[in-house]
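Down below is the structure, laid out as structure tokens.
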2 protein chains.
Amino acid sequence: MPVAPPRPKDLPLTALRAFEAAARLGGFAAAAQELGVTPGAITAHVKQLEQTLGAPLFARTPRGVRLTPLGQQSLPAFTAAFDALGIAVGDLRAAAAPRTVHIATLPAIAQLWLSPRLPALRAAAPDITVSITALEQPPNLKRSPYDLSLFFSEEPQGRLCPDVIFPVCAPAFAARLTTPHCISGFPCLADATWTEDWDLWAQTLSVPPTIPQGPTFSLYALAVEETVNGAGLLIGHEALVAGHLADGRLVAPFPQRLTLSGGLRLWSDRPLRPGTAPRFVADWLRRAPLASPAPPATHP
Amino acid sequence: MPVAPPRPKDLPLTALRAFEAAARLGGFAAAAQELGVTPGAITAHVKQLEQTLGAPLFARTPRGVRLTPLGQQSLPAFTAAFDALGIAVGDLRAAAAPRTVHIATLPAIAQLWLSPRLPALRAAAPDITVSITALEQPPNLKRSPYDLSLFFSEEPQGRLCPDVIFPVCAPAFAARLTTPHCISGFPCLADATWTEDWDLWAQTLSVPPTIPQGPTFSLYALAVEETVNGAGLLIGHEALVAGHLADGRLVAPFPQRLTLSGGLRLWSDRPLRPGTAPRFVADWLRRAPLASPAPPATHP
DNA sequence: TATAAGGCTCATTTTTTCTGAGCCTAGATT
DNA sequence: AATCTAGGCTCAGAAAAAATGAGCCTTATA
């Protein structure tokens with residue numbers, strides 16, 4: 001008989017976080033995505049929670065889950081608490097490393113938009129460390145360790161530039177592309193996640209050309225590189241190919257351009273107080289100096 | 001090259017909780033106590049946190065730790081967030097099992113004060129499930145899964161009765177104890193955690209008797225039982241031996257009684273809304289009906 | 001000078017958490 | 001009607017995190 005019996009464990013924090021995410025996002029799969037685990041892990045956490053509580057938090061349907069009244073009524077408090085925790089963590093991080101800025105962005109943006117601007121940013125503020133994390137999805141900034149997010153978004157708040165798409169190709173190809181209908185004879189490169197681009201652009205023409213199915217790339221930057229190397233036509237996003245257009249590695253053979261409803265957006269969910277490093281970086285990126293383009297690539 | 005690189009892990013919740021407890025309580029040992037782990041675990045958590053932050057949260061001194069300014073400035077937000085979380089958990093528990101009441105108390109109180117009252121409580125409210133957890137220390141109610149705490153405490157708020165101590169013994173002994181000075185000839189039983197009791201009581205006499213060092217018990221209820229069985233004299237706490245005195249299994253051989261500054265206290269850190277089970281149980285226990293004492297023990 | 005308090009270290013063990021592969025159900029699609 | 005497909009569930013095994021325990025270190029206090 002132990003004198004100090006193992007204290008009844010309090011509810012495990014991880015399980016609570018899983019519940020909160022699942023409840024807020026309306027599904028285990030979505031919660032798993034946000035927390036960076038597999039759905040099975042969420043299932044297990046929620047089940048454990050329900051077990052110790054002795055009451056179900058979700059009603060399972062074959063098409064997903066729905067909160068029970070019990071879950072519904074307790075969600076707001078948990079969301080608020082975890083938000084507060086996330087903000088506290090963010091503040092702590094900021095206080096511990098005041099001259100470091102963490103940016104979350106798409107891999108394509110990281111390589112094609114952000115990276116070219118970094119040397120000048122470093123020159124402008126040598127004491128600031130910029131750390132970049134490439135993510136496929138914008139993170140929940142209240143919960144993640146990022147100061148700034150840089151993604152394409154419909155939300156106009158914080159937009160840097162609109163998202164304009166049009167075909168681009170290596171200069172050598174341009175002569176053979178007199179009208180959009182010449183396209184059908186060329187490979188049409190596209191990004192694996194932006195599969196609509198070609199069709200959207202084609203619809204803007206009075207006589208939409210047939211777009212042949214070309215190779216798709218999971219890394220947009222790779223598609224750009226292939227295009228530079230003459231692999232075919234790429235449907236370009238202006239913000240991401242501006243550098244290549246400016247220094248002549250790519251050209252836009254047709255005048256037709258389509259402005260999408262979204263745009264490149266830089267934002268933060270935490271206040272950017274003047275004088276702080278994240279504020280400086282955000283301001284600096286907004287002024288968007290794609291300074292001194294690299295000299296045109298020399299092909300020996 | 002994985003397309004979805006393992007996302008940079010956010011700060012681990014457990015480590016944050018360890019930091020918060022250590023910071024709030026002013027030491028790793030205290031935090032370990034509150035969280036029910038060993039101090040080494042706290043050390044590891046805090047170190048991990050400091051590692052990922054790249055800055056120290058505590059200044060180590062040979063006599064303990066002191067918060068750095070960084071730690072100091074971030075503590076309040078964490079305390080608030082974890083409090084909010086604890087309250088959310090409490091509300092969730094309450095909502096999930098509305099007719100269950102969890103009481104935290106000392107083992108001695110559980111056995112000698114609470115247990116005798118439970119049959120009548122069950123009779124009064126058959127639908128309420130009372131669960132009792134014996135702890136050596138009052139828990140932090142904002143964080144622990146208890147509805148009510150029942151401990152000896154200096155705090156007058158919620159006091160049920162004062163803490164009065166005096167020697168007790170089996171009836172057979174009483175005849176041989178005419179004055180307190182007879183005590184020296186008997187074993188003086190005491191609780192392992194209430195070692196002062198005999199001395200405190202002795203000091204109240206004009207001529208303090210010598211108290212021989214008797215056996216100590218880590219379970220007060222065991223000491224009481226031994227006393228009933230004639231093992232010697234026990235320094236009794238009125239609240240805990242009242243039942244035994246009432247039915248004659250124990251007697252108080254001397255009139256001198258010492259009222260300590262503390263008292264038996266029943267409290268909750270969460271609001272006890274009228275109509276809820278915890279409120280009912282608290283109210284009922286306050287009325288303190290030590291109903292129908294057990295019939296005097298029959299020794300065949 | 002001894003002791004006690006409070007932390008640290010580190011190898012080991014225990015517990016928790018996560019994965020992966022396959023299964024199940026019910027709308028949607030064909 | 002057959003067949004997707006989305007979303008969850010299950011379960012065994014693997015991986016990661018957390019905790020222990022025993023010994024060490026440092027200083028204030030007795």
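Computed from heavy atoms alone, side chains included, the values below leave out hydrogens, waters and symmetry copies. By convention in this document, chain letters (A, B, ...) are assigned in the order of the sequence lines, proteins followed by strands, and residues within each chain are numbered from 1.
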Report the distance from atom [atom1] of [X] to atom [atom2] of [N], rounded to the nearest whole Å.
{"X": "B/Phe58", "N": "C/dC8", "atom1": "CZ", "atom2": "C1'", "answer": "15 Å"}
{"X": "A/Gln48", "N": "D/dC9", "atom1": "CD", "atom2": "P", "answer": "15 Å"}
{"X": "A/Leu57", "N": "D/dC9", "atom1": "CG", "atom2": "P", "answer": "12 Å"}
{"X": "A/Leu35", "N": "C/dT16", "atom1": "CG", "atom2": "P", "answer": "19 Å"}
{"X": "A/Leu25", "N": "D/dG8", "atom1": "CG", "atom2": "C1'", "answer": "16 Å"}
{"X": "A/Leu13", "N": "D/dA18", "atom1": "CG", "atom2": "C1'", "answer": "13 Å"}
{"X": "B/Leu16", "N": "D/dA18", "atom1": "CG", "atom2": "P", "answer": "11 Å"}
{"X": "B/Phe28", "N": "D/dA18", "atom1": "CZ", "atom2": "P", "answer": "16 Å"}

Electrostatic pair B/Glu154-B/Arg265, nearest N-O below 4.0 angstrom: no

NZ/NE/NH1/NH2 to OD/OE distance under 4.0 Å, A/Arg93 and A/Asp147: no

If you compare every side-chain N and O of [X] against the phosphate oxygens of [N] (OP1, OP2), does one of them come in below 4.0 Å?
{"X": "A/Lys47", "N": "D/dG8", "value": "no"}
{"X": "B/His45", "N": "D/dA17", "value": "no"}
{"X": "B/Thr38", "N": "D/dA19", "value": "no"}

Checking contacts here: which listed nucleotide ([options]) is nearest the side-chain heavy atoms of [X]?
{"X": "B/Thr43", "options": "D/dC9, C/dT19, C/dG7", "answer": "C/dG7"}
{"X": "B/Thr14", "options": "D/dA19, D/dC9, C/dC8", "answer": "D/dA19"}
{"X": "A/Arg60", "options": "D/dC9, D/dA19, C/dT19", "answer": "D/dC9"}

Verdict with reasoning, B/His237 to B/Asp191, per side chain to side chain donor-acceptor pair (under 3.5 Å): CA-CA 11 Å; B/His237 288 253; B/Asp191 184 273; over 6 Å; no

Touch class at under 4.0 angstrom, heavy-atom based, for A/Ala41 against every strand present: base

Residue mapping more 5' on DNA chain D - nearest nucleotide basis, B/Pro12 or A/Gly26: A/Gly26

Donor on one side chain, acceptor on other, B/Thr193 and B/Glu136, under 3.5 Å: no

B/Ser268 side chain vs B/Leu148 backbone, donor-acceptor pair below 3.5 Å: no

Per-nucleotide protein contact string for nucleotides 21-26 of chain C (B base, S sugar-phosphate only, - none; heavy atom under 4.0 Å): ----BS

Selection residues 43-63 of chain A - residue pairs positive for salt bridge (charged side-chain N to carboxylate O under 4.0 Å, His left out), sequence neighbours left out: A/Glu50-A/Arg60

Indicate every side-chain donor-acceptor pair of residues 36-44 of chain A with a distance under 3.5 Å to a residue at least two apart or in another chain.
{"residue": "A/Thr43", "atom": "OG1", "partner": "A/Pro39", "partner atom": "O", "Å": "3.1"}

